[in-house]
Chemist: 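Sending over a structure as structure tokens; questions will come in a sec.
We name chains A, B, ... by the order of the sequence lines, and we start the count at 1 in each one.
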Protein chains: 2
Amino acid sequence: MRRHVLIFGLVGGLLIATLQYTEYRFVIIEHSVELYSALVAILFATFGIWLGLRITRSRETIRETVVVREVLVPAEAPALEPFAPNTAHQQTLGITARELEILTLIARGFSNREIATQLFVSENTVKTHCARAFDKLGAARRTQAVQRGKELGLLP
Amino acid sequence: MRRHVLIFGLVGGLLIATLQYTEYRFVIIEHSVELYSALVAILFATFGIWLGLRITRSRETIRETVVVREVLVPAEAPALEPFAPNTAHQQTLGITARELEILTLIARGFSNREIATQLFVSENTVKTHCARAFDKLGAARRTQAVQRGKELGLLP
DNA sequence: GATGTCGTCATCCTTTCGGATGATTTTACA
DNA sequence: TGTAAAATCATCCGAAAGGATGACGACATC
């Protein structure tokens with residue numbers, strides 16, 4: 001967190017500096033101000049959003065783990081509408097929350113790339129989670145993983 | 001979410017516009033470029049962070065409400081009797097019996113090759129059936145086809 | 001006999017998946 | 001503060017899946 005802010009400031013300073021530099025070099029063409037403004041705006045906006053998401057992610061995970069413990073009490077209950085994953089099976093198999101999240105997205109028919117964009121991570125990361133989840137489920141394909149997941153009550 | 005992005009773009013455009021306007025009015029003092037860059041950067045950064053927080057907060061609340069309901073609503077036995085596919089949907093979509101057969105095998109996690117050996121046909125044939133079924137279901141992937149199939153009551 | 005549907009099979013080509021492996025960074029917790 | 005578990009990302013490579021297209025035979029129907 002502290003690091004983020006630091007990097008943020010650093011990047012900002014660098015950007016300003018390079019702007020200042022390049023401005024007096026070769027891009028004194030017309031409309032440079034608006035162009036630069038737009039560029040900087042876009043850059044910092046995306047960065048800001050990314051930062052915001054990143055910061056709040058930690059809180060989310062905390063909430064999720066809490067949730068898991070609460071759900072553990074009613075235990076073996078195949079609920080139907082708001083789905084409650086079978087945490088017993090999940091824990092015995094050692095399937096993490098993130099892996100389960102990706103499994104549900106797989107079950108809903110998304111490709112790895114789509115999942116990656118939805119979760120704001122790289123496709124490689126998704127593939128890693130997939131591989132681990134498949135291994136834990138003893139599945140060789142995503143369709144098989146989905147099937148196993150449904151059998152075990154991990155997926156709706 | 002879509003709304004957010006829209007507002008975001010709108011605000012961005014407005015900002016740029018006002019920048020462009022004011023620039024030619026009275027603030028052509030020196031160092032305007034860097035000043036503006038910095039200003040825009042800060043503005044958009046904070047806005048981005050705010051947006052990020054906002055987006056994730058809604059997700060969090062959703063999670064929480066789900067939890068509460070899960071704890072309150074207990075069980076409901078899962079019905080498991082011989083499955084009868086929804087022939088109405090099947091016919092309107094023009095899905096043949098063979099295609100449905102292959103879809104069920106896909107849903108059970110088999111690969112094309114495995115399906116081919118099970119049905120005593122070539123893998124190419126299976127792939128053709130797959131392609132046709134996916135087309136009729138509007139699916140791009142087998143997982144998506146399975147999901148659609150379950151939604152339509154074609155698959156158990 | 002012409003037409004149409006269905007099932008079968010093929011080839012070519014691109015995209016997606018999955019396995020193996022290693023590395024770095026967060027996060028949680030003792 | 002150190003450690004273990006999670007999460008993240010990457011690269012290489014082979015396998016699986018998917019798209020497009022053409023073809024052929026069996027059967028039913030008009």
Chemist: Using salt bridge (charged side-chain N to carboxylate O under 4.0 Å, His left out) as the criterion, list what pairs up with Arg113(B), not counting sequence neighbours.
Modeler: Glu123(B)
Chemist: Taking side chain to side chain contact (heavy atoms under 4.5 Å, CB included) as the criterion, tell me which of Leu100(B), Val126(B), Leu119(B) meets it with Leu105(B).
Modeler: Leu119(B)
Chemist: Arg113(A) has an atom CZ; how far is it from atom P of dC9(D), in whole Å?
Modeler: 15 Å
Chemist: Is there any protein nitrogen or oxygen under 3.5 Å from a nitrogen or oxygen in nucleotides 10-12 of chain C, and what are the pairs?
Modeler:
unit_1: dA10(C); atom_1: OP2; unit_2: Asn124(B); atom_2: ND2; d: 3.4

Chemist: Please name the pair of heavy atoms, one in Val146(B) and one in Ala107(B), separated by the smallest distance, quoted to 0.1 Å.
Modeler: CG2-CA, 3.6 Å
Chemist: Provide, to the nearest angstrom, the distance between the CD1 atom belonging to Ile95(B) and the P atom belonging to dT5(C).
Modeler: 16 Å
Chemist: Would you compute the distance between atom NE2 of His129(B) and atom CG of Asn112(B) and round it to the nearest 0.5 angstrom?
Modeler: 11.5 Å
Chemist: For Lys136(B), check salt bridge (charged side-chain N to carboxylate O under 4.0 Å, His left out) against everything at least two apart and list the hits.
Modeler: Glu99(B)
Chemist: For Ile95(A), does its backbone N or O pair with a side-chain atom of Gln90(A) as donor and acceptor, under 3.5 Å?
Modeler: yes
Chemist: Say you draw a straight line from CD1 of Ile106(B) to CD1 of Ile115(B); how long is it, rounded to the nearest 0.5 Å?
Modeler: 5.0 Å
Chemist: Tell me the closest heavy-atom pair linking Gly109(B) and Thr143(A), and the distance in Å.
Modeler: CA-OG1, 3.6 Å
Chemist: Around Arg98(B), counting heavy atoms of other residues, nucleotides and ligands shown, do more than 12 lie under 6.0 Å from its CZ?
Modeler: yes
Chemist: Under 4.0 Å, heavy atom to any atom of DNA chain C: which of residues 132-151 of chain B qualify?
Modeler: Arg132(B), Arg141(B)
Chemist: What integer distance in Å separates Asn112(A):CG from dA10(D):C1'?
Modeler: 15 Å
Chemist: Rounded to the nearest 0.5 Å, what's the gap from CD on Glu151(A) to NE2 on His89(A)? Could you check?
Modeler: 10.5 Å
Chemist: Tell me the bend of the helix from dG1(C)-dC30(D) to dA30(C)-dT1(D) as the angle between end helix axes, each from five pairs, rounded to the nearest 10 degrees.
Modeler: 50°
Chemist: Any idea which heavy atoms bring Cys130(A) and Arg142(A) closest together, and the distance?
Modeler: SG-NH2, 4.0 Å
Chemist: Quickly work out the Ile106(B) CD1 to dT16(C) C1' distance and round it to whole Å.
Modeler: 15 Å
Chemist: Can you tell which of dT16(C), dA6(D), dC9(C) lies closest to the side chain of Val121(B)?
Modeler: dC9(C)
Chemist: How long is the span from the NZ atom in Lys150(B) to the NZ atom in Lys150(A), to the nearest 0.5 Å?
Modeler: 4.5 Å
Chemist: Nearest whole angstrom, please: distance from the P of dC6(C) to the CG of Leu100(B).
Modeler: 14 Å
Chemist: Take the protein atom NE2 of His129(B) and the nucleotide atom P of dC6(C), then report the distance between them rounded to whole Å.
Modeler: 11 Å
Chemist: Quickly work out the Glu101(A) CD to dA6(D) C1' distance and round it to whole Å.
Modeler: 13 Å
Chemist: OP1 or OP2 of dT8(C) versus the side-chain N and O atoms of Arg98(B): is any pair under 4.0 Å?
Modeler: yes
Chemist: Quick one: on DNA chain C, does Ile102(B) or Cys130(A) contact a more 5' nucleotide (nearest heavy atom)?
Modeler: Ile102(B)
Chemist: I need the Phe110(B) CZ to Thr104(B) OG1 distance, nearest 0.5 Å.
Modeler: 9.0 Å
Chemist: Going by heavy atoms in the side chains, are Glu114(A) and Gln144(B) under 4.5 Å from each other?
Modeler: no
Chemist: In this structure, how many angstroms lie between the P atom of dA7(D) and the CG atom of Leu119(A), rounded?
Modeler: 12 Å
Chemist: Between protein and nucleic acid, restricted to nucleotides 24-30 of chain D and to nitrogen or oxygen atoms under 3.5 Å apart, what atom pairs and distances do you find?
Modeler:
none

